[in-house]
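We count ligands from 1, going down the list as the structure has it; atoms in each ligand are counted the same way. Numbering of residues begins at 1 and proceeds along the displayed sequence. Everything numeric here is computed off the predicted structure, so don't read it as measured data.
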Amino acid sequence: MTDINQIRGLHHVTSLAGSASQNNAFFTQTLGLRRVKKTVNFDAPDVYHLYYGDEVGAPGSVMTYFPFPDIARGRPGVGEVGETVFSVPEGALPFWIERLERAGVEGLKSDEAFGERRLHFSGPDGDGFALVEARDGRAAWTQGGIDEDHAIRGFHSASLRLRDDGATAELLKFMGYREIDKAEGARRFAVPDGNGADFIDVETLPNIAPARQGAGSVHHIAFAVPDRAAQLEVRKALMDTGYQVTPVIDRDYFWAIYFRTPGGVLFEVATDEPGFDRDEDTAHLGQALKLPKQHAHLREKLEKFLEPIPN
Ligand code: ZN
């Protein structure tokens, strides 16, 4: 198998939420991330698309949400992303245990895997998250009220929960990942020369029912490529291997292609270019409602309809 060697780690993870204001408060206040874009779902513009990350929304730091006010909670299972894992500095977990406990966050549980200390916790809709202590050179966004010794650096990894890991493991290797470690029921893959969000943990759960998507579920997971030329090479390589990949779609802040993986998880490959500062300056990212040109005529209606969220 050819190694396509263009993937640089995760780009973003996109999930479903219930309340937009609750989602916004959790990410900007409890986790101290920066909201780097407030826009709408380009395919369903009556729903927000909210992006949270570091100062500029660097690829590998960006957690994004589609909040649907009346959506039912998802049911965890196989065929989905299990946990989205953020990186924090070594020694930061006691701070986070206290902070998340004080905020009433549910599902707190500490453990260790792959030689790393982890703190699992749930998002407001039951989302599966963890913090991992790691040596990580990425800059933190500290204006969210969490100092540099503790603040989130970006994604560390994501876990895929699968009934059978075989075909997905092959796919990850094809995408340039290498298997680097094993733990009970899980295999760790890493991409060399990554952007920091370098790991994918593949869990095998042969006796678990398929997930039912809803609030708190990951909708898709996106991998980073530097530019459009690299994306086209990846797309061609995937299609030559038999994957059905969408055409390149302009998402205003990156270009995207999507394909369904053998284990059921929806993968995206997204470009690092042009980035979130393409339509507002870095100092004011995420404050104004930004609409893609195809939905610009809906502004007045959307500004009345969408749940207000604070800047
Ligand atoms: Zn996406």
Note to self: Does E148 form a side-chain hydrogen bond (donor to acceptor under 3.5 Å, both in side chains) with T142? I'd like the steps, not just the answer.
What the structure shows: CA-CA 6 Å; E148 205 170 335; T142 50; over 6 Å; no

Next item on the list: Tell me the protein N, O or S atoms under 2.8 Å from the Zn ion (ligand 1), in chain and number order.
Entry: H12 NE2, H220 NE2, E268 OE1

Check: Below 4.0 angstrom, N of the basic side chain to O of the carboxylate: do R188 and E116 qualify?
Finding: yes

Item checked: Charged N-O contact under 4.0 Å between R138 and D54 -> no

Check: Restricting to pairs with a member in residues 75-90, which pass side-chain hydrogen bond (donor to acceptor under 3.5 Å, both in side chains), not counting sequence neighbours?
Finding: E80-R161, E83-H120, S87-D136, E90-R135

Next item on the list: Report the residues that fulfil side chain to side chain donor-acceptor pair (under 3.5 Å) with Q294, sequence neighbours left out, ordered by chain and then residue number.
Entry: none

Margin query: According to side chain to side chain donor-acceptor pair (under 3.5 Å), who are the partners of E55, at least two apart in sequence or on a separate chain?
Written below: none

